[in-house]
Protein chains: 2
Amino acid sequence: MSIFGIQFQLGGYQMVTLYEHVFNWEPYLQFGKRQFFKRKQTIYSQGTPGDGFYFLHKGLVRIVSVNATGKERILNIVIPNQLMGVQSLDQKEHFTTAIAVQDSIVYHFSNRKFKKLLQERPEIVRVFSRTVIHKMKILLDRINLDTLTSEQKIALLLHNICYEFQNFEVPLNQQDIASCTGLTRISVYKVLKQWKEKGIIDIINKKYYIKKPDFFRNLVN
Amino acid sequence: MSIFGIQFQLGGYQMVTLYEHVFNWEPYLQFGKRQFFKRKQTIYSQGTPGDGFYFLHKGLVRIVSVNATGKERILNIVIPNQLMGVQSLDQKEHFTTAIAVQDSIVYHFSNRKFKKLLQERPEIVRVFSRTVIHKMKILLDRINLDTLTSEQKIALLLHNICYEFQNFEVPLNQQDIASCTGLTRISVYKVLKQWKEKGIIDIINKKYYIKKPDFFRNLVN
DNA sequence: AAAATTACGTTAAATAGGTTACAGTTACGC
DNA sequence: GCGTAACTGTAACCTATTTAACGTAATTTT
């Protein structure tokens, strides 16, 4: 399953960003500090002071946010060649947590280093703003999500994923879908069961496969 | 009711930004193009291509977003000295709509002009990224809002407003509160009625006044 | 000043989704 | 290789919120 050439973002309904749009960071990586993170390891966590931002070189990272009542939401999943933790460029604390889903390699750009980079390569501003704006869009899509019914929410999510990956295998379990949509696992289960009965999805060995992607498109739009 | 000296943002629970944090744009205004908008006039609308961004000099602007099913949400209310429409710096289309709540004066910075500004005053990058990151935080707060009960949602909203304005008069009607929280007007009405009976708020001539702000603080935190 | 639109108050009925509970399966760490 | 932890399937119940409906008050438009 190749996901290269495509940016993958969970939870928004217009998350497609072709690779070509993504600025090539390779020449700038020398300005950052290479770091390794093992699966399940935390890269940065909500509430702690941050310094600069991170570039994901290899691996997969899940961005989550915990609200005032302690509930956790998956905000998006970062794939290679994307930035994360941009929030703390502002010198403030992180308002999300990043956890490695797979062993990952990241480059950390501290404020100092980024300043230097800005001076030497001012064109970097464009890539940077582009990334941040894209992230805003993802957040906004997420907000709009909550006026939908639970069936629509899940449909939207799965539709995006199958679209992004150009693949009909869903890389999420019930819990993940619940966390992405803000529903309970039971509700997710109920919808999934109903869809299975209608032949819209297949469930093989606890993995979900989308059979009728058009059904999702109709539900959403 | 003086709101000067304070930035006002609807819908997030940590939206306080003192005026002093806001970069003074006065010296840069000459780079933008001054425009006037009458009450209810649209400054930019979702789906249309944008060019650059706007700075609100005088007035009040409401930012709304319409989702795939046609439902409208108020995202925030922009007060003077704030940026809006930053999304389209990217040359893409606007993903929100901005409507003047009062007669307003804005300065429009086209991409070309902003580029020029960046060259002549590179320090502007900081202000700019700060604003965008702040907006991201507001969006994120909004996402976390939807794990709360309807009473908590409204409490949070009113708490923020009364805190930001340092005033206990709520500048929103039932419909607005519904649109901000994603609830129906009926649900809003029910909560408000209940609060009125408990003496937490006053309703005079269809305007809401917060009597016991501490009640909100307890509900939320 | 009349007409039209928009906002509010209230109730009753319908329902979507959350909660709880528990048993069966699979995966993972030691 | 075994035990614990994490994930799934399912049912019964419950309640918070939405939908629908309608009269009244207020505001805006013409």
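Computed from heavy atoms alone, side chains included, the values below leave out hydrogens, waters and symmetry copies. Keep in mind the model is a prediction, meaning the values are calculated, not measured. Within every chain, numbering begins at 1; the chains are lettered A, B, ... in the order of the sequence lines, protein sequences first and strands thereafter.
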Please determine whether a side-chain nitrogen or oxygen atom of B:Lys206 lies at a distance below 4.0 Å from atom OP1 or OP2 of D:dT24. no
Atom CG of B:Asn173 to atom P of C:dG9: distance rounded to whole Å? 11 Å
To the nearest angstrom, the NZ-C1' distance between A:Lys196 and D:dT8 comes to 11 Å
Closest to the B:Leu183 side chain, choosing from D:dT10, C:dG9, D:dT18: D:dT18
B:Gln174 side chain near C:dG9 phosphate (N/O to OP1/OP2, under 4.0 Å): yes
Roughly how many Å is it from CD in A:Glu151 to C1' in C:dA16, rounded to a whole number? 12 Å
Taking NZ from A:Lys190 and P from C:dT15, how many angstroms apart are they, rounded to a whole number? 15 Å
Would you call the rings of B:Phe109 and B:Phe53 parallel, tilted or perpendicular, where under 30° means parallel and over 60° means perpendicular? parallel
Relative to each other, are the rings of A:Trp195 and A:Phe215 parallel, tilted or perpendicular (30° and 60° limits)? perpendicular
I'd like to know if A:Arg185 reaches the base of C:dG18 with its side chain, counting only an N/O donor and acceptor under 3.5 Å. no
Using atom CD1 of B:Ile203 as one end and atom C1' of D:dA25 as the other, report the distance to the nearest whole Å. 14 Å
Return the value, rounded to whole Å, for the distance between atom CD1 of A:Ile186 and atom P of D:dC14. 17 Å
Quick one: which of B:Gln87, B:His108, B:Glu93 gives a side chain to side chain contact (heavy atoms under 4.5 Å, CB included) with B:Tyr44? B:Gln87
Could you go step by step and tell me if A:Met84 and A:Val61 meet the side-chain contact (heavy atoms from CB on, under 4.5 Å) rule? CA-CA 9 Å; A:Met84 55 190 179; A:Val61 175; 3.8 Å; yes
Length of the CD-P vector between A:Gln175 and D:dA5, whole Å: 16 Å
Answer whether the closest heavy-atom distance between the side chains of A:Trp25 and A:Asn81 falls below 4.5 Å. no
With a non-hydrogen cut-off below 4.0 angstrom, is A:Ser150 in contact with a base, only sugar-phosphate, or nothing? sugar-phosphate
Both A:Leu148 and B:Lys193 contact DNA chain C. Taking the nearest nucleotide for each, which residue is further toward the 5' end? B:Lys193
At less than 4.0 Å, is any side-chain N or O atom of A:Thr184 found next to OP1 or OP2 of C:dG18? Yes or no. yes
For atom CG of B:Leu172 and atom P of C:dT6, their distance in whole Å: 19 Å
